[in-house]
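What follows is a set of notes on a single structure, which appears directly below.
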There are 2 protein chains.
Amino acid sequence: MSMSEPRTIVVALGGNAILQPGHKGTFDEQDEAVKLTCEELAELVAHGDRLLVTHGNGPQVGNILIRHEMAAGVVPRMPLDVCGAESQGQIGYMIQRNLRNALRLRHIDAEVVTITSQTLVDQDDPAFRSPTKPIGPFYSRDEARQAMAQKGERWIEDAGRGWRKVVPSPDPVAIVESEVVRQLLAAGMVVIASGGGGIPVRKAPDGRLQGVEAVVDKDLAAQRLAAAAGADILMILTDVHKVSLGFRTPRQRDLDVISSSEARRYIAEGHFSPGSMLPKVLAAVRFVEGGGDFAAICSLEEAIAALAGRAGTRVTRG
Amino acid sequence: MSMSEPRTIVVALGGNAILQPGHKGTFDEQDEAVKLTCEELAELVAHGDRLLVTHGNGPQVGNILIRHEMAAGVVPRMPLDVCGAESQGQIGYMIQRNLRNALRLRHIDAEVVTITSQTLVDQDDPAFRSPTKPIGPFYSRDEARQAMAQKGERWIEDAGRGWRKVVPSPDPVAIVESEVVRQLLAAGMVVIASGGGGIPVRKAPDGRLQGVEAVVDKDLAAQRLAAAAGADILMILTDVHKVSLGFRTPRQRDLDVISSSEARRYIAEGHFSPGSMLPKVLAAVRFVEGGGDFAAICSLEEAIAALAGRAGTRVTRG
């Protein structure tokens, strides 16, 4: 263990840290993937750093929505916010148990805890006027048209695979359980929070929180979480080694270190795809602009190396 | 707010605090029931007491199992421990949001947090040799026989409604996240934990925690939780007003106050039904024998009155 003041590191796990591509998502597959992921995470804790973990939930909440849909004739289907809460329990439990096991094997006694997390969004976010995030199973054109006409929902045709409902993806404003996260980290615990970007809620005129049918980007939520926790480092783990310009073109150029102003310029020039690298780079930029030491975007396997500046793309303030 | 040292009260909510009898369990029904429940819980906090909430998950995990079963041809079904984790997220979110709203309306700023909770059980618990707890949907006799022959499972015929799988209901040994609960309560937060009795886990020979296909009684888990939290009072809320001898017979006698030794004698005499009042009385007895001030078994509506000794059945040490 390092004897210096511990740093607080937020690690945002991508979907493939839990459910690897090409897998159907059986429990054994997911538990094995989570176990491998937790070996890496345990190394971070072994270095003496404080760890706050967040994660995506795309494949898992997709499966939950399919289950709710297929059983809807027998048991009532739950709204998207409740399905998100289910996915937090499911994934949080798998990470929490495996990470605790990995820590104990290293003789580290830190507690590991998952908290059910809500993310506040703004009712006036422009995303509510143009839903873009596909959720749930595929349907026929007729079914989609019926839902659009009868329920006022928005649906899109997805690359020949069928029609899917789309929901808004508003910007996260705040993590409702920020204070809880701060207290647990200060007590030396490893915290798992804001799974799937957090359960989106809005403030009603009377001040009450209400669930919202929306999906918050998990990397943008990770930045809000990191800022709320006063974290030093934000690590966004994904399935590529570095951020690139001209990704998958003959002129692809991988980036080692970029300043936040360079990153903002690349964003404005349209280098990053909206559903994938853009929110990661934006989250990194916001994090360092808000006072974080640095952000790293890298692969899971290279997390330790990226922390030392030997892998991934590092985003710095400037 | 009281100016004296705050007491810590553990409230164990029964199923009807979340899903009322005769309801199918739509989101609106459950959210409304939770909202009413949280009005009562907020009153406890308004009295100046520290609150730790736990809850059953019978109807909700039942619905989750049905969904997993009906969609099993399309998306992999998850084991019972993962389904329990899903139910903790789902129910915890509903309580957490509604309780926070109820507190804010009373100008109480306390944080409310749900933690994903595991309950340690003993591999050698005799319950593993005789599973008794029915779970999941009903099946035909042929399907049940096939599962018994091929998978070595135990199934029972349930009062003419069909066949159901039964799983063990081992005694809870410890709450894995005890230290987390203690820290959060000490920080003045309202904590929701051990939903559905907690996700049952056992310690493998190498020390790792593994999920177990079992169901822990939520009232017995509530007692372990209360003891771990050093709680002063355990309140078990249910759908009857008091504990009775000769329940629903012409000689029914309702109990106002009983000592733990009286309660132990009534248990030994077989006064309480195993699937319902017995674990509640046993949990109350264990709690006061372990040093708790008193336990109360009462209806949700009479919780405040029971706390003042004007309703419900109080169990005291002696």
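In the text below, chain A, chain B and the rest are named by the order of the sequence lines, each starting its count at 1.
Side-chain contact check for A:E40 and A:T37: no donor-acceptor pair (N or O, by modelled atom type) lies under 3.5 Å. Side chain to side chain, B:Q60 and B:Q30 meet the donor-acceptor criterion of an N or O pair below 3.5 Å. No hydrogens or angles considered: nothing links the side chains of A:Q183 and B:Q183 as a donor-acceptor pair under 3.5 Å. For the residue pair A:Q88 and A:Y93, no side-chain donor N or O sits within less than 3.5 Å of a side-chain acceptor on the partner. Checking A:E86 against A:H68 by side-chain atom types alone, a donor-acceptor pair falls below 3.5 Å.
Contact count versus chain B (heavy atoms, under 4.5 Å) is highest, among A:E69, A:M189, A:R77, for A:M189. Counting heavy-atom pairs closer than 4.5 Å to chain B, the top-ranked of the candidates A:I66, A:D206, A:D31, A:N63 is A:N63. Note: B:L209 leads B:L184, B:V82, B:L209 in heavy-atom pairs under 4.5 Å with chain A. Contacts with chain A were tallied for B:Q210, B:M70, B:Q96, B:M94; B:Q96 has the most, counting heavy-atom pairs under 4.5 Å. Across A:D81, A:N98, A:D28, the residue that shares the most heavy-atom pairs under 4.5 angstrom with chain B is A:D81. For the set A:V112, A:I192, A:N101, the entry with the most heavy-atom pairs within less than 4.5 Å of chain B is A:N101. Options B:P137, B:G89, B:G207 differ in how many heavy-atom pairs under 4.5 Å they form with chain A, and the most are formed by B:G89.
Heavy-atom distances place both the backbone and the side chain of B:I115 under 4.5 Å from chain A. Of the two parts of A:I199, only the side chain, counted from C-beta on, holds a non-hydrogen atom closer than 4.5 Å to a non-hydrogen atom of chain B. Heavy atoms closer than 4.5 Å to chain B are found in the side chain of A:V201, but not in its backbone. Residue contact with chain B, scored on non-hydrogen atoms closer than 4.5 Å, involves the backbone and the side chain of A:Q90 alike. For B:V113, the part lying near chain A is the side chain, with the backbone staying farther off; criterion is any non-hydrogen pair under 4.5 Å. Both the backbone and the side chain of A:R97 come within contact range of chain B, each with at least one heavy atom under 4.5 Å from a heavy atom of that chain. Contact annotation for A:E29: neither backbone nor side-chain heavy atoms come within less than 4.5 Å of a heavy atom of chain B. A:E179 touches chain B through backbone and side chain together, each having a heavy atom under 4.5 Å away. Heavy atoms closer than 4.5 Å to chain A are found nowhere in B:R104, neither backbone nor side chain.
At a threshold of 4.0 Å, the pair A:R100-A:E111 does not count as salt-bridged, since none of the basic side-chain nitrogens sits closer than that to a carboxylate oxygen.
Expressed to the nearest 0.5 Å, how far CD of B:E143 lies from CH2 of B:W163 amounts to 12.5 Å.
Counting only distance, with no hydrogens or angles, the side chain of A:S169 and the backbone of A:V215 share a donor-acceptor pair below 3.5 Å. The backbone N or O of A:A229 lies less than 3.5 Å from no partner atom in the side chain of A:R182, so there is not a single donor-acceptor pair.
Relative to the ring axis of A:F138, A:R164 places its NZ or CZ within 45° and under 6.0 Å from the centre.
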